[in-house]
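Since the model is a prediction, treat every value here as computed from it, not as a measurement. What's counted below: heavy atoms across the whole structure, side chains too, no hydrogens, waters or symmetry copies.
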Amino acid sequence: MSEFLAPLNYDRARDALRRLSGYGSYTPEGAAEALSSLRQCYPLVFSKTEQKMFARGSVLIELAGANVTDPLVFTSHLDIEGGLPPQVVPQMKEQPLCVSLSRAHLVALLEALEELLRDGYRPGGDLFLCLSMDGLSGGEGAKAMAGHLASRSINPCFILDHGGYATMDAFRTFLPKDAPLALIGIAEKGLLIGKVTADEKQLSGEVHPVERLICAGARLAKKPCRLSLCPATRQMLRAMSRKAPWFQRFVMDHSRITFPLIRLIWRKRSVMQQFFESRLTLYSMEAKGETASPASRAELSFRQTVIPGQKTAAIRRRLRRQLRDAELNLETQVEYDHSRRSEARGESWDALETAIEIQFEKVIIAPCLCPRTTDARFYTALGAKAYRFSPFMVTGEEARYGLCTVTDGALQTAVQFFRSMLSV
């Protein structure tokens, strides 16, 4: 069977993953080093294409096509969330690597493209690879690249980012025993990232800033998550119901009515956090003082995800009310509403389904609300065909944290998937 496998340089892919592991949150130096690593690992990708640099070290890679199809757009961000568990990066060959799903997605894509270019590849339509360095801290690079493509009136055949995944750990009582589930993100949650500040100069009374901020943080943390349905999640449940036993089928087909039961059954499962939950996370508090001189200023950083159907402006006002302290300052650095929902039908969707079905036997495919933050949210203005799927089989715990285990077999599957999508 080896003659039917896509060419893949396992050592190069592993080396790329290891070299990228040093890049976490955006910094100019880190972004430059990450891009340099990709240039060294994938010389044909960078020598046979045109590159244009954008905000915060982001790069748009372009390859002219044969103009027999619409353009193909692949997007990804290289930064990763600081809250991820420590990554395990073995130095021995053939040992599994535990890495960010977005990193594995990008490396498999570049592996596929590198070897296709070695064979004289020319895409059916113009090919765009949009790689940002700050997708989790504002997405200025992705916004700039999306705006550039819009100014050129690019109408993509599809836009593909990471975010969805294949799994054998989710919704098992609703699906056939040996059938994996492939979840394709068609929409994203809204997001607020900001901070609450207590400054001695703006506070009245004798309570110090740190104490005021701790009390306010405790009020915010009383109810950190809210559960709700959205159209993308209802689509996911309906798609899975086609293979479910009759009772489970009723529950999923009538989710508006049965949602209280769903909340009860799945209340402790990671799927609730991924697909049904708006969550406030207080992730950092900073203050500096001395033994005899308490801090005069304190900052509390937060991240709030928002299920589609709610506006971030309304959530921001609610957080302001929850503080119950008018002298504290609440400001947001990142604020955007949920993304436009893409169509789970048409030729592009069919091509994506076919590529997944080839790689995952007996797979059940369902659209979903993307559980991760991706750059695809900025590209939906180009058309209603923005999808989020990474061709890796993940566990429930990995799905929760946006990780995957990379083996040679998993890389082979992913590269063959991307060869199919690059050949659309």
Side-chain angles (χ1 to χ4, degrees), residues 12-13 16-17 20 23 31-32 34-66 69-79 100-119 121-135 139-150 152 154-163 348 351-352 355 374-380 382-383 385-391 414-415 417-424:
R12 179 178 60 200
L17 289 170
L20 289 175
Y23 184 55
L35 182 57
S36 175
S37 296
L38 293 180
R39 289 183 183 276
Q40 293 174 36
C41 290
Y42 301 104
L44 290 182
V45 169
F46 286 90
S47 64
K48 295 197 173 186
T49 62
E50 295 183 7
Q51 295 100 49
K52 184 176 178 63
M53 300 300 297
F54 286 86
R56 308 189 88 180
S58 300
V59 60
L60 174 64
I61 300 171
E62 181 176 350
L63 179 63
T69 68
D70 290 330
L72 314 177
V73 177
F74 294 82
T75 74
S76 189
H77 61 74
L78 275 77
D79 55 330
S100 164
L101 187 63
S102 60
R103 295 274 172 83
H105 176 103
L106 174 60
V107 167
L109 169 62
L110 293 175
E111 279 292 333
L113 182 56
E114 181 81 5
E115 294 306 319
L116 282 171
L117 289 171
R118 196 180 305 280
D119 295 335
Y121 165 72
R122 187 183 185 192
D126 291 345
L127 173 65
F128 298 93
L129 271 60
C130 307
L131 309 182
S132 80
M133 302 291 175
D134 65 336
E140 295 301 320
K143 280 190 234 178
M145 290 186 286
H148 173 75
L149 295 182
R152 294 171 56 180
I154 298 297
N155 182 24
C157 174
F158 62 78
I159 300 156
L160 184 62
D161 205 333
H162 84 286
S348 300
L352 182 54
T374 79
D375 284 354
R377 65 189 185 269
F378 298 116
Y379 294 85
T380 54
L382 302 179
K385 291 173 284 189
Y387 305 118
R388 302 148 180 94
F389 181 76
S390 298
V415 168
F417 167 84
F418 280 117
R419 284 176 71 94
S420 296
M421 296 307 297
L422 286 163
S423 301
V424 168

### Query
Mind checking whether L127 and L422 have side chains closer than 4.5 Å, heavy atoms only?
yes

### Gap separating the CG atom of L113 from the CE atom of M421, nearest 0.5 angstrom
14.0 Å

### Query
How close do P156 and D70 get, heavy atom to heavy atom, and via which atoms?
C-CB, 4.0 Å

### Message
Quick check for you: to the nearest 0.5 Å, what is the distance between S58 atom OG and L35 atom CG?
### Response
9.5 Å

### Task
Taking all non-hydrogen atoms of both residues into account, name the closest pair between F389 and P391 and its distance.
CE2-CA, 3.6 Å

### Task
Apply side-chain contact (heavy atoms from CB on, under 4.5 Å) to the pair T374 and T75, showing each step before the final yes or no.
CA-CA 9 Å; T374 79; T75 74; 5.9 Å; no

### Task
Kindly compute the distance separating NZ (K48) from CG (L117), expressed to the nearest 0.5 Å.
6.5 Å

### Task
Please confirm whether the backbone N or O of D126 pairs with a side-chain atom of E62, one donor and one acceptor, at under 3.5 Å?
no

### Message
Could you tell me if the side chain of E114 sits less than 4.5 Å from the side chain of E111, heavy atoms only?
### Response
no

### Query
So, for A142 and S132, which heavy atoms are closest and what is the spacing to 0.1 Å?
N-CB, 3.9 Å

#### Entry: Donor-acceptor pair between S390 and H105 side chains, under 3.5 angstrom
yes

### Query
Please walk me through it: do L106 and L38 pass side-chain contact (heavy atoms from CB on, under 4.5 Å)?
CA-CA 10 Å; L106 174 60; L38 293 180; 4.2 Å; yes

### Query
Counting distance only, does the side-chain N/O of T49 pair as donor-acceptor with the main-chain N or O of L63 below 3.5 Å?
no

### Message
Can you confirm whether L60 sits close enough to C130 that some side-chain heavy atom of one is under 4.5 Å from a side-chain heavy atom of the other?
### Response
yes

### Task
Please confirm whether the backbone N or O of C157 pairs with a side-chain atom of S348, one donor and one acceptor, at under 3.5 Å?
yes

### Query
Within the side chain of Y23, is there an N or O that forms a donor-acceptor pair under 3.5 Å with the backbone of M133?
yes

### Query
Closest heavy-atom contact between V59 and M145?
O-SD, 3.4 Å

### Task
Return the minimal non-hydrogen interatomic distance between L72 and Y121, and the atom names on each side.
CD1-OH, 4.5 Å

### Task
First locate atom CG of D79, then atom CZ of R103, and finally report the distance between them rounded to the nearest 0.5 Å.
8.0 Å

### Message
Distance check, rounded to the nearest 0.5 Å: F74 atom CZ versus H162 atom NE2?
### Response
15.0 Å

### Message
Quick one: does any side-chain atom of Q51 pair with a main-chain N or O of F46 as donor and acceptor, under 3.5 Å?
### Response
yes

#### Entry: Test: K52 cationic atom under 6.0 Å from F54 six-membered ring centre, within 45° of axis
yes

### Query
Just by distance, do the side chain of D161 and the backbone of A376 share a donor-acceptor pair under 3.5 Å?
yes

### Query
Which value, rounded to the nearest 0.5 Å, describes the distance between I159 atom CD1 and R377 atom CZ?
13.5 Å

### Task
For A112 and F418, work out which heavy atoms get closest and say how close.
CB-CB, 3.8 Å

### Message
Whether the side chain of R122 engages the backbone of G65 through a donor-acceptor N/O pair (distance < 3.5 Å, no angle test) should be reported.
### Response
yes

### Task
Run the numbers on F128 and H148 for side-chain contact (heavy atoms from CB on, under 4.5 Å), then give the verdict.
CA-CA 12 Å; F128 298 93; H148 173 75; over 6 Å; no

### Query
Are the aromatic ring centres of F158 and Y379 under 6.0 angstrom apart?
no

